[in-house]
Protein chains: 2
Amino acid sequence: MDISVAIIEDDREIRQLMTLLIDSSPGYTCQQSFNDCESALEVIRKDPPEVVLMDIDLPGMSGIEGVRLLKQQYPEIDFIMLTIKEDDDSIFDSLCAGASGYLLKDTPPATLLESIRVVYEGGAPMSAAIARRIVSSFRTAPDNPLSAREQEILRRLCEGDNYKVIADQLCISGHTVRAHIKNIYKKLHVTSRAEAVRKAINDKLI
Amino acid sequence: MDISVAIIEDDREIRQLMTLLIDSSPGYTCQQSFNDCESALEVIRKDPPEVVLMDIDLPGMSGIEGVRLLKQQYPEIDFIMLTIKEDDDSIFDSLCAGASGYLLKDTPPATLLESIRVVYEGGAPMSAAIARRIVSSFRTAPDNPLSAREQEILRRLCEGDNYKVIADQLCISGHTVRAHIKNIYKKLHVTSRAEAVRKAINDKLI
DNA sequence: TAATCAATAGACCATATGGGGTATTTTTCG
DNA sequence: CGAAAAATACCCCATATGGTCTATTGATTA
């Protein structure tokens, strides 16, 4: 059974080349191609493809927004971004929107076809460099200035526990909890719970 | 120039097989192998390798902790986890600790060698299934129950702004800000700023 | 050994926060 | 059009929070 592919790409030439490539390759068919997300959203429901190749820079709705909306309606479809943009924002926003793969437009035809199969089989096709950027985004800040006890308490701050609850859980007085929290705030350069929680999560301090 | 590899693996047989595989392959050398992180931390400084293959289940310090400590001291080293564990926690904790690749022990020898080269050249080797899990972790919850205004206010809550500051920024009364925040708490099923901030960040509501 | 840091505990006090209401106007949508 | 949702604004009140300050004990380390 062929993998059915749709293309959303505003450059007519690229769109036709892609369509031709896919249709002429055994194991793949491309019945649908669109030059913007709006038309795709209208038409696609009649015959949803299994894989969508999506450009980012499109007239009207961006490809990222397009993925968000289409993925909402058709969660089974796998999306591969196919774009010239390789800034971090484009990459991470695409993944957040629901894309499963991210390729640059200079990807060789053979790799592109292989990537369509990979994403269809449950993988996440992307270049080595992009994979590394994604993996690196998990990297925890190595310089956590908080003591073990402070981390313990910060963890509970993030849960929304108040002084008394934390004190009871740790079998210490509320005064001590306050003292720790004040130290945490000093070390993190914040002045409120909200900021502390944000920093704790964003900098992976807990 | 050969890529120098070190192995940290407590199973003697696997360790020797790996060493043999690497040393007998042109382009790779394995001068160092350890059966726990502690000895690696002691010895490795004399001749830091370029790539480390790290098991997770080790006597004493876990491979994940080992990566954290080694990566801190030797940021240039690329770490590939080589393990039988494939639960989400092991994967994400490894990446947070500083690993750049994640392979299962049943990875074929050719793929393993290729992966060492990939990570050395700045990629992030891993199986298709694991790549997909990592990519999927970015996926935003599609059902954001908050109105635009509420998101606006939640964003500022996360900044640590208090009622008055938010009110001034949005040119509305503090009462209105409070009303919005009460609605936000209801919709998110939380009862405090800290919980709201956590939910906002974790569920990518802003 | 002296000094520093972490953990513990407490006091005082102004202000921010959250829970409970009610009410009007505008926008959105079936 | 009419209902529902969103945005606006206000009330009361108990409690949580954060700033500033002091102080003791045990561990770590320079």
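Quantities reported herein were computed from a predicted structural model and do not represent experimental measurements. Chain A is the first sequence line, chain B the second, and so forth, proteins listed ahead of strands; every chain is numbered from 1.
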Trainee: With the threshold set at 4.0 Å, does a side-chain nitrogen-carboxylate oxygen contact exist between A:E152 and A:R155?
Mentor: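 Looking at A:R155 together with A:E152, the answer is yes, because their closest N to O distance falls below 4.0 Å.
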Trainee: Give every pair of a protein N or O atom and an N or O atom of nucleotides 15-17 of chain C that lie under 3.5 Å apart, one pair per line with the distance.
Mentor:
residue	atom	partner	partner atom	Å
C:dT17	OP1	B:R193	NE	3.3
C:dT17	OP1	B:R193	NH1	3.3
C:dT17	OP1	B:R193	NH2	3.2
C:dT17	OP2	B:Y163	N	3.2

Trainee: Donor-acceptor pair, distance only, cut-off 3.5 Å: does the side chain of B:D203 make one with the backbone of B:L205?
Mentor: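 Checked: no pair found.
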Trainee: Quick one: which of D:dA7, C:dT8, D:dG19 gets closest to the side chain of A:I172?
Mentor: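 The nucleotide sitting nearest to the side chain is C:dT8.
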Trainee: A:S147 side chain N/O closer than 4.0 Å to the phosphate oxygens (OP1, OP2) of C:dA7?
Mentor: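 Result: yes.
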Trainee: Distance check: side-chain N/O of B:K187 vs OP1/OP2 of D:dA6, anything under 4.0 Å?
Mentor: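 Answer yes for this pair, as a side-chain N or O of B:K187 is under 4.0 Å from OP1 or OP2.
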Trainee: Between A:K105 and A:D55, is there a salt bridge with N-O shorter than 4.0 Å?
Mentor: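 Salt bridge present between A:D55 and A:K105.
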Trainee: Nearest heavy atom decides the nucleotide; on that basis, is B:P145 or B:G174 closer to the 5' end of DNA chain D?
Mentor: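 The 5'-side residue here is B:P145.
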Trainee: Is there a side-chain contact between B:S173 and the phosphate of D:dC10, meaning an N or O under 4.0 Å from OP1 or OP2?
Mentor: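 Yes, such a contact exists.
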Trainee: Counting only side-chain N and O atoms of A:T176, is one of them less than 4.0 Å from OP1 or OP2 of C:dA7?
Mentor: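 So the side-chain polar atoms of A:T176 never come under 4.0 Å of the phosphate oxygens OP1 or OP2 of C:dA7.
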Trainee: Below 4.0 angstrom, N of the basic side chain to O of the carboxylate: do A:D168 and A:K164 qualify?
Mentor: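 Salt bridge present between A:D168 and A:K164.
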Trainee: Less than 4.0 angstrom between a side-chain N/O of B:H180 and OP1 or OP2 of D:dA6, yes or no?
Mentor: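 False: B:H180 side-chain N/O out of range (4.0 Å or more) of D:dA6 OP1/OP2.
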Trainee: I want to check a possible cation-pi pair here: B:R193 against B:Y163, using under 6.0 Å from ring centre and within 45° of the ring axis as the test.
Mentor: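 Yes; both conditions hold, so B:R193 lies above the ring face of B:Y163.
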Trainee: May I ask you to establish whether B:R15 and B:F34 are in a cation-pi arrangement, using a distance under 6.0 Å from NZ or CZ to the six-membered ring centre and at most 45° from the ring axis?
Mentor: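 No, B:R15 does not lie over the aromatic ring of B:F34.
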